[in-house]
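Contents: one structure, followed by commentary.
Predicted, not measured: the structure shown is a model, and the values here were computed from it. All heavy atoms count here, side chains included; hydrogens, waters and symmetry mates do not. Atoms within each ligand, like the ligands themselves, are counted from 1 in listed order.
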Amino acid sequence: MNTDDALKNLRARLAHAKSVTVVTGAGISADSGVPTFRGPEGLWKDFRPEELASPEAFTRDPTLVWEWYNWRRELLATKQPNPGHEALVALEKSIEQFWLITQNVDGLHATAGSRNISEIHGNIWKVRCTECGVIEENRKVPLEILPKCSTCQGLLRPHIVWFGESLDAQDLRNCYAALETCEILLIIGTSGLVYPAASFGQVAKDRGAFVVELNLDPTPNSELVDITIHGRAKDILPRLLP
Ligand code: BJW
Ligand code: ZN
């Protein structure tokens with residue numbers, strides 16, 4: 001199916017759908033100038049994930065990990081939501097039951113105005129105390145290294161889910177409820193390599209959802225979806241609106 005036919009098909013389905021779930025990845029924020037993780041220009045080109053995005057890395061060298069997050073926070077502080085994020089806000093308003101599951105930690109969906117969101121990998125603008133567990137919003141750029149908890153003076157860490165760490169249990173329950181009940185699932189701008197998000201397409205498909213992928217390139221999800229649309233999220237998503 002060419003892109004125009006695929007969009008026509010999907011627009012017609014969205015016009016009647018009562019429940020829609022969306023999964024996003026770094027590709028939607030790439031259109032705001034935020035680097036993705038994988039690929040020739042991705043973050044992992046220069047930084048090895050296990051050296052920066054794992055609990056072991058933080059235990060070994062918290063200064064190095066915080067320097068990396070400070071660099072990313074400085075970069076993100078200059079970025080704004082794009083028409084792709086905005087189209088999802090408009091879509092949420094037009095659908096009775098809408099849930100947005102994002103792997104992105106940049107907070108751009110919330111800034112754009114999305115409401116029903118699970119940020120399953122956390123949020124770079126939140127910090128968590130490694131001693132007392134308190135979670136706080138913190139938008140200071142740059143953060144002093146090493147940042148300390150105002151309550152107990154414990155070391156703060158980014159409130160982000162690193163490799164090998166569990167996702168929040170309530171978040172996951174919300175996600176599976178949304179995946180198991182949606183009529184349409186849109187999977188946008190993710191390489192589909194990181195679990196558990198990599199399996200969300202199959203979960204919805206097994207429950208009979210119409211599954212659509214929007215990406216620049218093929219991914220493992222391309223095998224299972226009903227439609228793949230190749231293009232940039234910022235160009236394609238506004239075209240889904242009535
Ligand atoms: C565009 C575009 C444009 C570009 N428009 N598209 C089962 C099997 C095997 C392994 C595991 C498993 N279960 C768990 C694991 C281990 C691990 C895992 O998945 N490993 C794999 C790599 C094999 N998962 C975990 O550890 C997770 N925890 C967990 O499951 O706990 C229980 C458990 C633990 C251990 C074993 C078993 C169970 C936690 C994962 C946390 C991931 N965190 C990260 C780093 C956060 C650091 C930070 O941001 O500061 O989150 S990894 C990194 O990848 C980041 C992202 O959210 C995530 C996904 O990346 P994403 O969004 O897909 O980005 P890219 O760059 O990969 O892709 C971009 C895409 O966009 C591309 O396809 C482009 O084509 C496209 N694109 N421009 C549209 N304009
Ligand atoms: Zn504390």
For this session: Verify the distance criterion only: is there a donor paired with an acceptor across the side chains of T102 and E119 at less than 3.5 Å?
Result: no

Exercise. At what distance is the nearest protein heavy atom to atom 51 (O) of ligand 1, and which residue and atom is it?
Worked result: H121 ND1, 3.2 Å

For this session: Have a look at D31, L52, V161, I188 and point out the one with the heavy atom closest to atom 43 (N) of ligand 1.
Result: V161

Exercise. What atoms of ligand 1 come closer than 4.0 angstrom to any heavy atom of G189?
Worked result: 6 (N), 69 (C), 70 (C), 71 (O)

Exercise. Is a side-chain donor-acceptor pair under 3.5 Å present for Q170 with N174?
Worked result: yes

For this session: Closest by any non-hydrogen atom to atom 54 (O) of ligand 1: pick that one out of K234, Q103, E213, R38.
Result: R38

Problem set entry | Any donor-acceptor N or O pair under 3.5 Å, side chains S19, E96 | no

Problem set entry | Side-chain donor-acceptor contact under 3.5 Å, T219 with E213 | yes

Exercise. Under 4.0 Å from any heavy atom of R72, which atoms of ligand 1 are there?
Worked result: 48 (C), 49 (O), 50 (O)

Problem set entry | Atom pair CZ/NE2 of R11 and H16 - distance to nearest 0.5 Å | 13.0 Å

Exercise. Is H85 close to V89 at the side-chain level, that is, under 4.5 Å between some pair of heavy atoms?
Worked result: no

Exercise. Given V22, which of L88, I28, L214 fulfils the side-chain contact (heavy atoms from CB on, under 4.5 Å) condition?
Worked result: L88

Problem set entry | Contacting atoms of ligand 1, where contact means under 4.0 angstrom from a heavy atom of P196 | 30 (O)

Exercise. Hey, does T151 have a side-chain heavy atom less than 4.5 Å from the side chain of C129?
Worked result: no

Problem set entry | Min side-chain heavy-atom separation R38-V194 under 4.5 Å | yes

For this session: Mind running side-chain contact (heavy atoms from CB on, under 4.5 Å) on F98 and T21 for me, showing each step along the way?
Result: CA-CA 6 Å; F98 181 94; T21 298; over 6 Å; no

Exercise. Under 4.0 Å from atom 70 (C) of ligand 1, do we find at least one protein heavy atom?
Worked result: yes

For this session: From atom 34 (C) of ligand 1, work out which of G42, P35, G164 has a heavy atom at the shortest distance.
Result: G164

Exercise. Considering only heavy atoms of E165, which atoms of ligand 1 have at least one such atom less than 4.0 Å away?
Worked result: 27 (C), 28 (N), 29 (C), 31 (O), 39 (C)

Exercise. So, are D4 and R239 salt-bridged, with charged N and O less than 4.0 Å apart?
Worked result: yes

Exercise. Which atoms from ligand 1 have a heavy atom of A30 less than 4.0 Å away?
Worked result: 78 (N)

Exercise. Looking at atom 78 (N) of ligand 1, what's its closest protein heavy atom, distance included?
Worked result: L216 CD1, 3.5 Å

Exercise. Looking at Q80 and S32, what are the two nearest heavy atoms and their distance?
Worked result: O-OG, 2.7 Å

Problem set entry | Sub-4.0 Å protein heavy atom near atom 59 (C) of ligand 1 | yes

Exercise. How far is atom 77 (N) of ligand 1 from its nearest protein heavy atom, and which residue and atom name does that atom have?
Worked result: G27 CA, 3.5 Å

For this session: Measure the CG-OG1 distance between L43 and T36 for me, rounded to the nearest 0.5 Å.
Result: 7.0 Å

Seminar exercise, completed: Atoms of ligand 1 under 4.0 Å from any heavy atom of V194, numbered from 1 in the order shown, are 19 (O), 40 (C), 42 (C), 54 (O), 58 (C), 59 (C)

Seminar exercise, completed: shortest atom 62 (O) of ligand 1-to-protein heavy-atom contact is with A26 N, 2.8 Å

Exercise. Nearest heavy atom to atom 15 (C) of ligand 1: which of F37, W44, Y195 does it belong to?
Worked result: Y195

Exercise. Going by heavy atoms in the side chains, are R157 and P62 under 4.5 Å from each other?
Worked result: no

Seminar exercise, completed: Result for side-chain contact (heavy atoms from CB on, under 4.5 Å) between V212 and one of V225, D226, I229 points to I229

Exercise. N/O to N/O below 3.5 Å, does that happen between W162 and ligand 1?
Worked result: no

Exercise. For I160, is at least one N or O under 3.5 Å away from an N or O on ligand 1?
Worked result: no

For this session: Considering only non-hydrogen protein atoms, determine which one is nearest to atom 5 (N) of ligand 1 and report residue, atom name and distance to 0.1 Å.
Result: A233 N, 3.1 Å

Exercise. Taking both backbone and side-chain atoms of Y69, is any N or O found less than 3.5 Å from an N or O belonging to ligand 1?
Worked result: yes

Exercise. So, is V105 polar-close to ligand 1, with some N/O to N/O distance under 3.5 Å?
Worked result: no

Problem set entry | Subset of ligand 1 atoms that lie under 4.0 Å from at least one heavy atom of R232 | 5 (N), 80 (N)

Exercise. Are W162 and W68 near enough that their ring centres are under 6.0 Å apart?
Worked result: no

For this session: Scan for salt bridge (Lys or Arg N to Asp or Glu O under 4.0 Å) pairs involving residues 60-80, sequence neighbours excluded, and state none if there are none.
Result: none

For this session: With atom 75 (O) of ligand 1 as the reference point, say which of N215, I28, T24, T190 has the nearest heavy atom.
Result: N215

For this session: Give every protein N, O or S atom lying under 2.8 Å from the Zn ion (ligand 2), naming each by residue and atom.
Result: C129 SG, C132 SG, C149 SG, C152 SG

Problem set entry | atom 52 (S) of ligand 1: the protein heavy-atom neighbour that sits closest, reported with distance to 0.1 Å | F163 CZ, 3.3 Å

Exercise. Below 4.0 angstrom, N of the basic side chain to O of the carboxylate: do K148 and E144 qualify?
Worked result: no

Exercise. Who's the nearest protein heavy-atom neighbour of atom 23 (C) of ligand 1, and how far?
Worked result: L193 O, 4.0 Å

Problem set entry | Any N/O pair W68/ligand 1 closer than 3.5 Å | no

Exercise. Looking at atom 37 (C) of ligand 1, is any protein heavy atom nearer than 4.0 Å to it?
Worked result: no

Problem set entry | Within 6.0 angstrom of K205 NZ, more than 12 heavy atoms from elsewhere | yes

Problem set entry | E180/R173 ion pair, N-O < 4.0 Å | no

Exercise. In ligand 1, which numbered atoms sit nearer than 4.0 Å to a non-hydrogen atom of G231?
Worked result: 5 (N), 79 (C)

